[in-house]
Amino acid sequence: MRADLLTDAVDGLDEALAAVDGFDEVLVAGLLRPQPAQASGLAALADAVAGSPLAARVAEAAEKTAAGAAGEDHFVALAAARTALLGSVHDALVQRVEEAVGRARDGESGTAAAGGEEHGVNLRAAARSWLCDLARAGWHGIDHELVAGAAPVVSAMLPDPALRRLATLLDGFAAELAASCPGASLEHVPVRRWADLWSRAMLLTLPGAASAPAVTGATGRLLPLGVDVQEHATAVQAQVHAVFEPADGGTARLVRASVSAPKPDTVVGAGLWQLLRPHMSLLAAVSEGRAMELDAMPVTGEGDLLWDDARARAGEPAEAFATARVALPAAVAFATAPLDRHPARIAVPVLLEGYAVEEDEGGVAFRVAGERLPVDTDRVPAAGPLTPEVVASSGACVGLLRWDAGEFLLQPLAVERTVRKKAVAVHAGAWAGGTTDKAGVRAEKAATDAVKVLRERAGKLLRK
């Protein structure tokens, strides 16, 4: 891997992010009565897209907004400009990663044509109106009455599958805002996150923006690389990254398969797998180091498998590091849909070998070809045997290249280390399908007891 490419500056990156940050700060104080500093942030956003097809609309929107006379169309234009800038950052970083690892991706994502969305016009307009009110109030101006305005819109949207994506986003966004009310007393504002949610929601109110990616059938062999676990107090998701080899001999592809489940906040660690296992047989294959044979498994134009256990069966043994060494270099990534192009979405599977490990106050880092690559051990889940200490003793690593806080990071999915002169692999998802590992068995038993108690309590409440 050309690690030097990951540390070299990307032309225009800092300027694009500065324009985004300037606009994000504009939303903190609100746009009801913009101040000179806010007008400057709006003008910088317009300047940043001056050479694009958005130029005229965004320039008008910035001028009207700075004068306190912005309408809904102007706010939509500003959200589009911000999204386009972050999309350009995403594309530049992905191109740099592709050059570093020597892999390519499709030029265009497969997105289904828009259609059948006219029935939600009024609800979309209501959602857009609420988002505009938020922008005018600003994050320091939110209160419970303003935030509660989303509730009836969300309730009306949820029964409609075509509007559920927007409804879910609005519901979660409103919940975060409600937990932070009143805004005037906030000591810390998650500026980038709330601006991300606001701009994404604003664009999803437009007809056609939420079109589902095209779906085709995938038949062939699936070779797992590792599992990324994302945990929240009330939900958990496991995302398996893998290489798919089509049965017709076509180009190998990088794909993902995800499973999510609600959870009580008392279920943590290895207990998470008990919630996820019943919904995806692929997790057992990951634990056992096996491939899966797929038969017309639905896959989107972005490389997400819509997992159906009925279309998959266990295959032959397939060790993740063997897959990473043999199949990963030739695998082609799917393109990312326009609305999903954001630096936070970057997660590129890579194999690193022959690095030196460095540990300091900043954490663990790998020295690759003379370049320092930070390792994000905070993303290593507690639901497996992989720990920061194991990562620090490794000599090979399968992980995800991510970008955060201005630099590339490596999230380990599995590592190889030498134990008694033998290479031993340790996987973050080793306990996904069950385990005989002593530590795993103890963790599973503790989680089983917790889940059992919760189910008994839930049963008593239901009987009442």
Side-chain angles (χ1 to χ4, degrees), residues 106 109-113 116 158-165 167-168 210-231 235-263 272-318 320 323 327 331-337 340 345 347 349 383 400 413 427-434:
D106 277 348
S109 61
T111 304
L158 281 174
D160 188 341
L163 300 175
R164 200 163 291 157
R165 183 181 181 187
T168 302
S211 296
V215 177
T216 57
T219 299
R221 184 169 66 158
L222 187 70
L223 304 167
L225 290 167
V227 185
D228 175 22
V229 179
Q230 300 164 19
E231 184 181 354
V236 62
Q237 180 187 67
Q239 187 173 69
V240 180
H241 290 261
V243 174
F244 171 69
E245 296 180 334
D248 61 7
T251 304
R253 296 283 193 155
L254 288 174
V255 296
R256 302 171 296 267
S258 301
V259 57
S260 304
K263 79 172 194 70
L272 302 176
W273 300 121
Q274 296 184 27
L275 305 176
L276 298 169
R277 247 177 239 143
H279 305 292
M280 183 185 276
S281 59
L282 177 58
L283 295 178
V286 170
S287 284
E288 296 167 6
R290 289 188 174 276
M292 294 288 280
E293 298 295 334
L294 307 185
D295 181 15
M297 181 73 72
V299 58
T300 72
E302 294 190 72
D304 290 297
L305 296 171
L306 307 181
W307 194 261
D308 180 357
D309 275 348
R311 297 181 180 275
R313 61 182 176 83
E316 297 179 349
T323 297
V332 176
F334 284 84
T336 305
D340 293 332
R345 286 287 302 262
L400 300 175
L413 298 180
H427 299 261
W431 300 344

Determine the minimum heavy-atom distance between [X] and [Y], stating which atoms define it.
| X | Y | result |
| --- | --- | --- |
| A383 | W431 | O-CE3, 3.6 Å |
| M297 | R311 | CE-O, 3.8 Å |
| L223 | A291 | CD2-CB, 3.7 Å |
| V286 | G429 | CG1-O, 3.9 Å |

NZ/NE/NH1/NH2 to OD/OE distance under 4.0 Å, R165 and D340: yes

Contacts of T216 that satisfy side-chain hydrogen bond (donor to acceptor under 3.5 Å, both in side chains) - sequence neighbours left out: none

Inter-residue atom distance [X].[atom1] - [Y].[atom2], 0.5 Å rounding:
| X | Y | atom1 | atom2 | answer |
| --- | --- | --- | --- | --- |
| Q237 | L272 | CD | CG | 12.5 Å |
| M280 | W273 | CE | CH2 | 10.5 Å |
| L163 | L158 | CG | CG | 9.5 Å |
| M292 | R313 | CE | CZ | 9.5 Å |
| D228 | L413 | CG | CG | 6.5 Å |
| L305 | L222 | CG | CG | 6.0 Å |

Geometric cation-pi criterion R253 and F334, 6.0 Å radius, 45° cone: yes

Heavy-atom side-chain contact between [X] and [Y] under 4.5 Å:
| X | Y | answer |
| --- | --- | --- |
| H241 | L400 | yes |
| V299 | V215 | no |
| L294 | W307 | yes |
| P224 | T323 | no |
| L306 | T300 | yes |
| L283 | V259 | yes |
| S260 | V236 | no |

Any donor-acceptor N/O pair, T219 side chain to A296 backbone, under 3.5 Å: yes

Exam field: side chain R256 to backbone E302, donor-acceptor pair closer than 3.5 Å: yes

Stepwise side chain to side chain contact (heavy atoms under 4.5 Å, CB included) check, V243 with L225: CA-CA 7 Å; V243 174; L225 290 167; 4.0 Å; yes

Pairs flagged by side-chain hydrogen bond (donor to acceptor under 3.5 Å, both in side chains) wherever residues 278-296 is involved - sequence neighbours left out: S281-D309

D160 vs R164, side chain to side chain contact (heavy atoms under 4.5 Å, CB included): CA-CA, chis, key distance, verdict: CA-CA 6 Å; D160 188 341; R164 200 163 291 157; over 6 Å; no

